[in-house]
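By convention in this document, chain letters (A, B, ...) are assigned in the order of the sequence lines, proteins followed by strands, and residues within each chain are numbered from 1. All values derive from a computational prediction rather than experimental measurement.
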Amino acid sequence: MPDTALPDPLLFGHDATERIVAVQTLGGAGDRVRVYRRLSDDTLSWDDEPVHPYFFLSDLRLIEDFPRERYRRQALEGDGHYRHLLAFESRGAYWDALRHVERAASGEGDAAYTAGGPEQQYLTQTGRTLFKGMALDDLRRLQLDIEVAAEGTFPSARNPAHAVVIVAMSDNRGWNRVLDSRGRTERELLAEMVDVLVERDPDVIEGHNIYGFDLPYLSERCRRAGVRFAIGRDGTEPRSFPSAMRFAERTSAFDVAEIAGRHVVDTLLQVQAYDVVRRDLPNYTLKGVARYFGFAEADRTYVEGRAIARTWREDPDRLVAYALDDVLETGRIAKHLSGSTFYLTQMVPMAYGTAVRTGPAAKIEALLVRGYLHARQSLPRPGRGGQMSGGYTDVFVTGVVGPIVYADVESLYPSIMLHYDVRPASDALGLFPEILRSLTALRLQTKADAAAAAPAQAAELDARQQAFKIVINSFYGSLGFSQALFNDHSEADRVARTGQELLRGIIETIRTAGGRVIEVDTDGVFFVPPPNVAGEDEERRFVSGITDTLPTGIRVGFDGRFRSMLSLKKKNYALLGYDGSLKFRGSSLVSRSTERFGRRFVREVTALLLAGDVDAVHKLYLRQRRAIDARQWDEGVESFQRAETLKSPLEDYERDVAAGRRARAAAYELAKRRAAAGGRPVRVGERVAYYVARGAGARGFEAARFAQEWDPTHPDESTAHYLDRLDQTAQRFEPVFTPADFRLVFSEEDLFGFDASAVSLRVVEENGDG
DNA sequence: AGCTGTGGCAGGGAGG
DNA sequence: CCTCCCTGCCAC
């Protein structure tokens, strides 16, 4: 009988002393893998271990004639290896296998089938996760960066004139090395690079945009120079395939490179993932990110991209120093951002490099698939349909109000899933709630451990705790994800609707007690506490009293108190803390698509409104108008450029425009222009910075110019356009004034002198539309 | 060999 | 002018 008694799905199959750093495919046939372990003296050992393929029991309605019993018998009577149908984690291989079984069931062809990568089978069937009992720096992490002397154009693998001139490497043990092409051929340089890489034998290779540039470029140059780019642990060359990663609303496409026996980590992906939450990185370049985190040395060497070729001719040592600084910074960024992903690989059957470049839904699925294969249980196919409901959002009061308390339900969706017995209908083994429960318990334990630990240990424990949190919070999303094997849209709906009901209940409780609810969003409530609740202690007591009115397992936490709040619209507000600090939320206050001068204007107006200084708002508005008129920009073109991310390929854009499905847009038109002029093509996921110039066409996209083209000695930006933009930006504060007052504050008409005392801030009770 | 979800605001082109 | 519709960005 199949083994259905499941041990802890998070931990089964593990050996606490395991220090596996890599699992590598042997040959192409693939029923053996080589398992590398790093020993305590920092050397490597390896063993070759067999992969036992798994048999699939299909209960899919689609395959009604599938002779399940026959296959089951054969499996049990076999030599202990299931030879008839192999199932793998990859969805593509899974569909292939299903089609294959269907054909076999109808008498066409052989039931034997192989697909997928042995590493994945191996990790899944044994339940192993990598790096058990290890810390990030137990691995040998090498950083790689190359410099190419490209004259006037962007380096391209297709251009034979663009040779590699420098290969810089460093590692986390303090070693570093810069190879360059002085006095020898590129071929010799590349050959030495391969030798050094193989000799250093890193477990992990890190680089910034290493998927997008360094690896494919080196690969192509090696091919041209006749050097085998054999940097795999088994002497193979990297293999590559197209992939994509979603960062909130953005999707980045790139070519993955896999190196046998090693993990590739692209810090560009880590940086983008980080920015989904923080959203305040200036840009995603190595230099920008390093400065943002404070990893850039004060005396670091900088060389502009366009000056690299010239620097290489005139002062090569300077370029060498620059390249070395690049890899040192890459190492610091990688270490800083890798923690939680690294610890994820101790709970998810996934290689480190894979975990870095996949989203949380893939990780949850890996946990479930491991449990199902372990139990010899078939996997479901994704359910069809869509999710209908989401969080409840409303605004009840606009204007400046205070004092404010923020209360939110702790882990709303995970709590609902745990306490309302939510699970996908297809989860016959009940692993979904079991894994969620284990992860939650482990996270709470880890959090408690972190709080009690010494600082050095606490950082590591906190990274672990973050890793748990990321996965836990993604369970809900994966329920509603149309491509997830274990999805269930009606259960996702039930979670969202339950959340809405709980939130409405909390609003009612606060109102009944005499509180005034300002704004709510999904799991949190901003409110003015009842008159009899004064001071932090009483506020905390009031909030914990709310928990008592809620079902068991749903807890409301006290998550902040503020002197006042500027409430504008749903999901758009600002908070003034008791320490004078300001927080801004919402696209009308913080959007990066607003020009920098406008963003600053919004922030300053907000601060003044929270301070009640209407006179200063008016003066600020007048000052800003004059500055635009006089083209006085603090930071040159960066003050008024707009940056927009390209989300679709130019061909798709052009096709949709031709079909009338979308309108022309400045960012795409500029990208097209550059491509036509032979410049570096703009890839999906990249940002295009532009400004609006004077004259030149009525429509915005006709008047747009690349920000780099702006010349401070001959400024040609349209001041009329930017004055309009200022007024549009001011429009965001319209809810705070009567229409007449708004016109007084945000206009130049002070014929009779502006009298701030005649203007008052307006507080409006909205009906709430929910 | 691939991608968590819904709700909401701002901006711009296109057409009345 | 206005409305409609699409895209990008943001909150949670």
Describe the nucleic acid contact of A:Arg642 in one word from base, sugar-phosphate, nothing, applying a heavy-atom distance below 4.0 Å. sugar-phosphate

Closest to the side chain of A:His721, out of C:dA11, B:dG12, C:dC9, is B:dG12

Any base atoms under 4.0 Å from A:Arg357, or only sugar-phosphate, or nothing? Heavy atoms, all strands. nothing

Contact summary for A:Tyr413 and A:Gly390, nearest pair of heavy atoms: OH-C, 4.1 Å

Testing B:dG12, B:dG7, B:dG11 for proximity to the side chain of A:Arg732, the answer is B:dG11

Spacing between A:Gln731 atom CD and B:dA10 atom C1', to the nearest angstrom: 12 Å

Please check the phosphate of C:dC12 (OP1 and OP2 only) for any side-chain N or O of A:Tyr573 closer than 4.0 Å. yes

Who pairs with A:Arg600 by side chain to side chain donor-acceptor pair (under 3.5 Å), at least two apart in sequence or on another chain? A:Asp634, A:Glu635

Could you work out which one of C:dC12, C:dC10, B:dC3 sits closest to the side chain of A:Val590? C:dC10

Which is true for A:Ala496 with a 4.0 Å heavy-atom rule: it touches a base, it touches only sugar-phosphate, or it touches nothing? nothing

Once you measure the plane-to-plane angle for A:Phe746 and A:Phe601, does it fall in the parallel (<30°), tilted (30-60°) or perpendicular (>60°) bin? perpendicular

A:Lys363 NZ - B:dC3 P separation (whole Å): 9 Å

Are OP1 or OP2 of B:dA10 and a side-chain N or O of A:Lys569 less than 4.0 angstrom apart? yes

Between C:dA11 and B:dT4, how many Å separate the two C1' atoms, rounded to a whole number? 16 Å

For A:Phe432, which residues count as a ring pair (Phe, Tyr, Trp, His ring centres under 6.0 Å) partner, sequence neighbours excluded? A:Phe475

What integer distance in Å separates A:Tyr722:OH from B:dG11:C1'? 14 Å

When rounded to whole Å, the CD to C1' distance for the pair A:Gln728 and B:dA10 reads 9 Å

Is A:Ser389 touching bases, backbone alone, or none of the nucleic acid, heavy atoms closer than 4.0 Å? sugar-phosphate

Per A:Arg725 side chain, nearest of listed nucleotides C:dC12, B:dG11, B:dC3: B:dG11

Using atom names, set out every protein N or O paired with an N or O of nucleotides 14-16 of chain B below 3.5 Å, distance rounded to 0.1 Å.
residue: B:dA14; atom: OP2; partner: A:Arg699; partner atom: NH1; Å: 2.8

Taking atom P of B:dA10 as reference, at what distance in whole Å does atom CD of A:Glu595 sit? 14 Å

Sorted by chain and number, sequence neighbours left out, ring pair (Phe, Tyr, Trp, His ring centres under 6.0 Å) with A:Phe558 holds for none

Checking all strands, does A:Gly477 fall into the base, sugar-phosphate, or nothing category for heavy-atom contacts under 4.0 angstrom? base

For A:Arg239, which contact category applies under a 4.0 Å heavy-atom criterion: base, sugar-phosphate, or nothing? nothing

Under 4.0 Å, counting only non-hydrogen atoms across every strand here, what does A:Ser474 touch: a base, just sugar-phosphate, or nothing? nothing

For A:Ile364 and B:dG5, give me the distance from atom CD1 to atom P, rounded to whole Å. 12 Å

Taking 4.0 angstrom as the limit, do A:Glu604 and A:Arg599 come out as a salt bridge? no

Output the rounded distance in Å from CG (A:Asn572) to C1' (C:dC9). 11 Å

Distance in angstrom units between A:Asp652 CG and C:dT7 P, rounded: 11 Å

How would you list, by chain and number, every residue that makes a side chain to side chain donor-acceptor pair (under 3.5 Å) with A:Asn209, sequence neighbours excluded? none

Just to verify, what does A:Tyr653 make a ring pair (Phe, Tyr, Trp, His ring centres under 6.0 Å) with, not counting sequence neighbours? A:Tyr668

Kindly say whether A:Glu410 contributes a backbone atom to a donor-acceptor pair with the side chain of A:Asp523 at under 3.5 angstrom? no

A:Lys571 side chain N/O closer than 4.0 Å to the phosphate oxygens (OP1, OP2) of C:dA11? no

Checking contacts here: which listed nucleotide (C:dC10, B:dA10, C:dA11) is nearest the side-chain heavy atoms of A:Ser588? B:dA10

A:Tyr406 side chain near C:dA11 phosphate (N/O to OP1/OP2, under 4.0 Å): no

With a 4.0 Å cutoff (strictly under), does any side-chain N or O of A:Thr645 reach OP1 or OP2 of C:dC9? yes

Determine the contact category for A:Tyr653: base if any of its heavy atoms lies under 4.0 Å from a base atom, sugar-phosphate if only primed atoms, P, OP1 or OP2 are that close, otherwise nothing. nothing

Which is true for A:Val256 with a 4.0 Å heavy-atom rule: it touches a base, it touches only sugar-phosphate, or it touches nothing? nothing

